[in-house]
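Here's the structure we're looking at; comments come further down.
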Amino acid sequence: MTLHLYDTYSRSLRPFETIAPGQAGLYACGPTVYDYAHIGNLRTYLFVDGLRRALEFNGLQVRHVMNITDVGHLTSDADSGDDKIEARSARSGKSAWDIAAEFTRAFEDDLHALNILPPTVWCRATDHIAEQIAFILDLEAKGYTYRTDDGIYFDTTRQDSYGKLARLNRDGLQAGKRVDLGEKRDICDFALWKFSGVPGQRQMEWDSPWGLGFPGWHIECSAMAEKHLGAYFDIHCGGEDHVAVHHSNEIAQTEARHGTRLANFWLHGAFLKTQDAKMSKSSGEFLRLQSLVEQGVDPLAYRYLCLGAHYRSSLNFTDEALRAASSGLARLRVSVHGLGQADSEAAPDLAWLARFAAQINDDLNFPRALAMAWELLKSELPDAVKKATMARFDAALGLDLLAWQPAQVAVPQPVQAWMAERAIARAQRQWAEADRLRALARAAGYDIDDTPQGQQARPL
Ligand SMILES: Nc1ncnc2c1ncn2[C@@H]1O[C@H](COP(=O)(O)OP(=O)(O)OP(=O)(O)O)[C@@H](O)[C@H]1O
Ligand SMILES: [Zn+2]
């Protein structure tokens, strides 16, 4: 089965064909680095990584571009409010540049911990100001812009196709309009360039043909995608919240400049929720990957959890689901390890590979692909063939299964600390305290055995 992907633009499952033979250009909207990523954001990047791995599994060479939004993302999608990074700077006393650098680094660490392949190109919005200005100048020359007191805006009424991605009902929007538009002519119009306002008030600002200011969030992606992938490329993706505004505006800009469609395929990942509500950075209530690690959870257990839900279905995060994923991953690692040394002579089983490919090629059905890894283990194939086949599966699953060694089972630091405290509690015959510490370790997915050699941690 050839790769089929669900394209949001056409609302249909389409066979994937590359624009250039053998190569796929992939653009994923990156994070706004004013805070740590939460595990919801990371679910989206795990989905993008699964997509990239599926393309590579199909023998394609992928040019994966990801941006870092380090300027211009305002607290309101209606182009009002503060720049999120400048606002964080004002709250924390650190410079806007330091804030962006600090959270970019933390984001890269998260991707690494989740075994997400680094993009071919990382690009920062602040490194592409000239490209964004050139883009806006071109839009201006083509008659798509107007000026207000606070910036240069894109005139969406010039485009009949505006909002097609989101199936936007313009008439309905106008009728229901209650917001104060200010000088904006239409509710859908959006800022391309914002003026700085009071001089010296902002840290990130640049000279431009329109005066001192900074770019809007949407122009960043159109300009960087064009620079690194060309005006029309294979796949553009992000979280589902980008459909209505951000991606609709990216399409509007590129179509206005080039008359092309920006991307052949549009893919969107569904939200991670907690108690049925979207996990959200701006609400301030969110869970970081690092917080899970501090509770003794292996980051790849979160990857395993995400693999169990299709990217277009929302996923409700619970402690119970995470515990089940931790235990599933631990059992899978032990089983794969039990197959013995990888044998360079053994070839993967082609029939199993074809069955596995059929799952990921069915719009990235990773839940079924993961189930197939378990089925492979139970099959009648010789162990060496299972191992060689599993290595190929894992190139797509990204669980780093073959690298795992029991001797190196890094018992997570908090579990080690509980074990150390428990050794003291036992020596002092404080059995209740020893049991309490063991319960903590169990909740983190590890049991503690008391052996003649001392305590040993074992994944549950
Ligand atoms: N709860 C979630 N589940 C899955 N993906 C999400 C979730 N929240 C945001 N995303 C996605 O994470 C990516 C990075 O988003 P970004 O850093 O811009 O977050 P944000 O919009 O500032 O955060 P938030 O929406 O949490 O306030 C985007 O692709 C976005 O669609
Ligand atoms: Zn974007």
Side-chain angles (χ1 to χ4, degrees), residues 8 26-51 65-77 81-85 87-88 99-100 103-104 106-108 110-111 114 116 119 123-125 128 132 165 190 215-229 233 235-254 262-263 266-289 302 305-306 309-317:
T8 315
L26 172 67
Y27 187 91
C29 292
T32 309
V33 283
Y34 70 102
D35 205 337
Y36 294 109
H38 54 66
I39 57 171
N41 301 131
L42 295 173
R43 181 185 185 206
T44 290
Y45 298 107
L46 282 166
F47 140 63
V48 175
D49 190 55
L51 169 61
V65 178
M66 178 136 87
N67 72 293
I68 294 287
T69 295
D70 52 357
V71 67
H73 195 166
L74 304 187
T75 47
S76 154
D77 273 353
D82 296 328
D83 182 313
K84 293 184 179 192
I85 291 173
R88 176 75 182 227
I99 297 279
F103 292 118
T104 301
F107 179 66
E108 285 171 343
D110 285 343
L111 297 195
L114 288 167
I116 290 176
C123 44
R124 267 195 304 258
H128 293 74
Q132 294 170 72
L165 177 76
F190 56 90
W217 171 36
H218 317 299
I219 196 73
E220 297 176 359
C221 283
S222 280
M224 288 188 276
E226 178 172 334
K227 172 158 183 194
H228 298 290
L229 291 169
F233 55 89
I235 308 177
H236 196 313
C237 54
E240 60 182 339
D241 51 339
H242 286 346
V243 175
V245 179
H246 182 54
H247 287 169
S248 293
N249 293 350
E250 282 187 50
I251 291 173
Q253 293 165 150
T254 297
L262 181 51
W266 286 87
L267 265 68
H268 293 97
F271 286 148
L272 180 82
K273 299 186 170 176
T274 34
Q275 289 157 356
D276 291 317
K278 171 189 185 292
M279 188 173 283
S280 160
K281 235 190 272 185
S282 24
S283 75
E285 299 244 333
F286 63 79
L287 198 51
R288 286 178 59 194
L289 186 65
Y302 181 60
L305 174 68
C306 290
H310 189 260
Y311 78 93
R312 285 198 287 122
S313 308
S314 62
L315 171 61
N316 231 339
F317 181 80

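None of these values were measured; they are calculated from a predicted model. Atoms within each ligand, like the ligands themselves, are counted from 1 in listed order.
- Ring geometry for Phe47 against Tyr311 counts as parallel: the plane angle stays under 30°, on a 0 to 90° scale with 60° as the upper cut.
- In this structure, Arg288 forms a cation-pi arrangement with Tyr36, its terminal cationic atom sitting closer than 6.0 Å to the ring centre and no more than 45° off the ring axis.
- Residues with a heavy atom under 4.0 Å from ligand 1: Pro31, Thr32, Tyr34, His38, Gly40, Asn41, Thr44, Tyr45, His73, Lys84, Gly239, Asp241, His242, Ala270, Phe271, Leu272, Lys278, Met279, Ser280, Lys281, Ser282.
- Trp217 and His246 have parallel rings, their planes meeting at less than 30° on a 0 to 90° scale where 60° marks the start of perpendicular.
- Once rounded to the nearest 0.5 Å, the distance linking CG of Leu42 with CG of Asp49 reads 11.5 Å.
- Atom-to-atom distance recorded for Lys84:NZ and Leu74:CG is 9.0 Å, nearest 0.5 angstrom.
- Tyr27 pairs with exactly one of Cys237, Cys221, Pro119 by the side chain to side chain contact (heavy atoms under 4.5 Å, CB included) rule, that one being Cys221.
- In this pair, His268 and His247 present their aromatic rings tilted. The plane angle is within the 30 to 60° band.
- Taking the centre of each ring, His128 and His228 come in below the 6.0 Å mark.
- Interatomic distance, Thr44 OG1 to Ile39 CD1, rounded to the nearest 0.5 Å: 12.0 Å.
- Looking only at protein N/O/S atoms, the ones less than 2.8 Å from the Zn ion (ligand 2) make 4 in total.
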